[in-house]
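As structure tokens, the structure follows; a few thoughts come after it.
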Number of protein chains: 4
Amino acid sequence: MRNVVPFVKAMKKTPRADAQRNLDSLLEAAKAVFAESGVDAPVREIASRAGVGIATVYRHFPQRAELIAAVYRREIDACAAAAQVLAREHEPFEALTRWLHRFTSLIATKRGLAASLNAQDPTYQAVPAYFREHLEPALQSLLGAAAAAGQVRKDVDTYELLRGIGSLCIPVSEVGPGYTRRMVDLLIDGLRYGARAAP
Amino acid sequence: MRNVVPFVKAMKKTPRADAQRNLDSLLEAAKAVFAESGVDAPVREIASRAGVGIATVYRHFPQRAELIAAVYRREIDACAAAAQVLAREHEPFEALTRWLHRFTSLIATKRGLAASLNAQDPTYQAVPAYFREHLEPALQSLLGAAAAAGQVRKDVDTYELLRGIGSLCIPVSEVGPGYTRRMVDLLIDGLRYGARAAP
Amino acid sequence: MRNVVPFVKAMKKTPRADAQRNLDSLLEAAKAVFAESGVDAPVREIASRAGVGIATVYRHFPQRAELIAAVYRREIDACAAAAQVLAREHEPFEALTRWLHRFTSLIATKRGLAASLNAQDPTYQAVPAYFREHLEPALQSLLGAAAAAGQVRKDVDTYELLRGIGSLCIPVSEVGPGYTRRMVDLLIDGLRYGARAAP
Amino acid sequence: MRNVVPFVKAMKKTPRADAQRNLDSLLEAAKAVFAESGVDAPVREIASRAGVGIATVYRHFPQRAELIAAVYRREIDACAAAAQVLAREHEPFEALTRWLHRFTSLIATKRGLAASLNAQDPTYQAVPAYFREHLEPALQSLLGAAAAAGQVRKDVDTYELLRGIGSLCIPVSEVGPGYTRRMVDLLIDGLRYGARAAP
DNA sequence: GATGAATGAGTGTTCATTCAT
DNA sequence: CATGAATGAACACTCATTCAT
């Protein structure tokens, strides 16, 4: 009941509870802006898109990397969590493939995530750290299972694969739709090729 | 009258020849700066490194993309030319592999080339255009030969492969040395995997 | 009804007494912050140091000058009071000298007091007003006594002397320890010089 | 002849030669702004007052301290140079007194000079450095001569005296005109007092 | 009364680009 | 042709102050 907000009041301002609401708009806006203009987009743009003052952005996220991380954290979590489900429901290679495609969607639909992963600026390092910490174990288990089953080669580094696929997700001009998918599939085939050569 | 150059002035500068000299220093400087600070480096830095005025940069290259293109043109040409030599000296798959590694070096050692290829800014499109125009045919012939020999699959788009490998050349943090090489090799194995599966 | 405080709430906070407690922490915190970062220090720093909300600072001291004044009021009072004691216990010139040194300590140890005295901002004028109102009479009596005793010249304006010494208390870089003391002593000697010349 | 600027041309823009003109307006404007609002005045204000773009300020003076130094350099030089003239034309104590008053004018009329001397910000250190480097020797010679003549005491540190007088030049509210002069004279008398006491 | 979230004006600083010499 | 001075838009970030809870 406490969450039922009277109509009129809701249209006004709603401060205290709006801290959360603001935070949400902020994350929403940032996600959109990052997708459009990359993670280097002006703070002002994010703020105005969210309908809040600039300082509000700084209040919630003193460092830009914290905002970036916050924006992608949930999606990274969801993607990592998907690994267990896929492992339960499919045989190893199928699970691996599906997850890699899932991962591909994560990166490909978030312009800016890929960019922030490659940023040399130390300010941004919170993002790749979180990224690695959560996604590497997810891939690790799937890759290990598929390798154990002799379906893919054993000598591929998990994190490198993650980053390699991440790079392939960077949008490229003048290529047809499905380019990323095809490249990722090619890489996956590369994983299988090795499995045959060294059983 | 306009062409009459006062004696004294003529002894100071040698206009015609200096134009070329300036252009050369400019390309040299730009290459170095691009390698160090990326293609977004301040124009001023390039100009001062070349020992010329800023306006001179703009005279020769009104658009930044033209400078970038000019900087990489020669290297792109050389890489493209290598294809023919390799085709003559090695059997198809070997030639293809060697050339892809050659191409990898081209991209990997030119910080900024890869970036400018992916730039969304329409200003930069001269670079990918030149890039595609010269390198696609080179890879096309090698890829076609290897495919004809049944060594690699036939269904891979040349330009996409070019861009895919290009993306894999983007430097990535927290990976060991040789990361790019390993990823490219994985992709090449992907090419072979298909060949076996569908001979 | 307004005064009826629900039990639970009453156990959490003790409103009436806390008002004073807050005020005290505020003054304490402000004194510390002023000493460290000058009187221009961010309000937020004072608030957080005092463990209260920002708005609480504004409630008690809508104008920054009022806070400054409140911070230094007690010390100004104590210094002023010292004059009478010194006058009782020492002969005129000795009492004067001792008090001026006492006054020097007051200013010198309160970074920001001196600054706020010289502020052009009309917002700050409450401080010099209080300052003058209390300290000028104190010095006046000591100076008058010493002058009457022929130990110092008669033609020096009390308030000017107060401010002159105040200025000498401003910390200065690249001078040895004891600089302020030496300068103030020099000024005091100036007071005596006149006495001899015009007895 | 080269300096004769055609009227019409002069009224237009005059770029190359105007570099100097701009620099002059800049110094002029900065001096005025420093006098009005202190050396912390917004760069924008100086720029607009000088009628130039902001970046022009930064071109000439990348560091604010450089601008401050440039603004006061000439006046410091002139003041330092005056010492020799005074020493030639007056007997030691008279020369010393006159120079100290000259020095007082330098500081007192340049609101902001005094301030920048006391700045803790390391950015500003160029100013006190230049200040000390030039004015300390000037005072040193005058002070030494007067001390040798037994007219002032010997145990006063030159630089401390310089800074002490500098502090006395800080404008103070609610004092009558001539306050600084009176305080400085009092300090000078302090110098003489010691001379009598210890000949 | 107390809170702290929100605000937005203000400031330093960088950089691409133009233009008179 | 080359020069580099000048420009001003753009951006990050801080902080005093207000206001709904």
Side-chain angles (χ1 to χ4, degrees), chain A residues 9 12-23 26 40-45 47-48 50-60 62-64 123, chain B residues 2 5 9 12-16 18-19 22 40-45 47-48 51-60 62-64 123, chain C residues 2 5 12-16 18-19 22-23 40-45 47-48 51-60 62-64 123, chain D residues 9 12-23 26 40-45 47-48 50-60 62-64 123:
Chain A
K9 207 171 177 182
K12 266 179 147 185
K13 272 233 167 176
T14 32
R16 196 57 54 94
D18 223 24
Q20 186 56 42
R21 183 162 310 184
N22 267 345
L23 207 157
L26 217 42
D40 287 327
V43 175
R44 264 186 184 75
E45 193 179 332
S48 74
V52 304
I54 303 177
T56 302
V57 182
Y58 281 95
R59 160 175 291 277
H60 288 293
Q63 302 291 335
R64 177 185 288 260
T123 320
Chain B
R2 238 175 99 270
V5 179
K9 202 174 180 183
K12 272 174 145 184
K13 312 181 178 184
T14 20
R16 208 59 63 89
D18 248 27
N22 269 346
D40 287 327
V43 176
R44 221 173 226 88
E45 195 179 332
S48 74
V52 304
I54 295 182
T56 303
V57 182
Y58 279 93
R59 160 171 299 277
H60 287 295
Q63 302 292 333
R64 178 186 288 259
T123 321
Chain C
R2 239 175 98 268
V5 179
K12 272 175 142 185
K13 311 183 178 184
T14 19
R16 206 56 62 89
D18 247 25
N22 269 346
L23 209 155
D40 288 327
V43 176
R44 220 174 228 88
E45 195 179 332
S48 74
V52 305
I54 295 181
T56 303
V57 181
Y58 280 93
R59 159 169 300 277
H60 289 294
Q63 301 292 333
R64 177 186 289 259
T123 321
Chain D
K9 208 171 178 182
K12 268 180 147 183
K13 271 236 168 174
T14 32
R16 195 56 54 93
D18 224 24
Q20 186 55 43
R21 182 162 311 183
N22 267 344
L23 207 157
L26 217 42
D40 287 327
V43 176
R44 269 183 182 76
E45 193 180 333
S48 75
V52 304
I54 303 176
T56 302
V57 182
Y58 280 94
R59 159 176 292 278
H60 289 294
Q63 303 291 335
R64 178 186 287 260
T123 320

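To find a chain, count down the sequence lines: A is the first, B the second, and so on, and within it residues start at 1.
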Study note, to complete from the structure: Looking only at E/dA2, E/dT3, E/dA6, the nucleotide nearest the C/His60 side chain is E/dA2
Revision key, fill the gap. Sequence neighbours excluded, the answer for side chain to side chain contact (heavy atoms under 4.5 Å, CB included) partners of C/Ala47 is C/Val52, C/Ile54, C/Val57
**Study point:** Non-hydrogen atoms of D/Thr56 and D/Leu26 that approach each other most closely
**Key:** O-CD2, 4.1 Å
Revision key, fill the gap. Contacts of A/Leu23 and C/Gly51 projected onto DNA chain E by closest heavy atom; the upstream (5') one is C/Gly51
Review point. Among E/dA6, E/dA2, F/dG4, which nucleotide sits nearest the side chain of C/Thr56?
Key: E/dA2
**Study point:** Side chain of C/Val52 (C-beta onward), nearest among E/dG4, E/dA2, E/dT3
**Key:** E/dT3
Point to revise | Any D/Asn22 side-chain nitrogen or oxygen under 4.0 Å from OP1 or OP2 of F/dA5 | key: no
Review point. Rounding to a whole Å, what distance do you find between D/Arg59:CZ and F/dT3:C1'?
Key: 11 Å
Point to revise | Dot-bracket encoding per residue of DNA chain F, Watson-Crick/G-U cut-off under 3.5 Å, | denoting interstrand | key: .||||||||||||||||||||
**Study point:** Protein proximity profile, nucleotides 10-16 of chain E - base contact B, sugar-phosphate-only contact S, no contact -, cut-off 4.0 Å on heavy atoms
**Key:** BSBBBBB
Check your understanding: C/Val43 and C/Arg64: which non-hydrogen atoms are nearest, and at how many Å?
Key -> CG2-NH2, 3.7 Å
Check your understanding: Closest approach of A/His60 and A/Leu23, non-hydrogen atoms and distance?
Key -> ND1-CD1, 3.7 Å
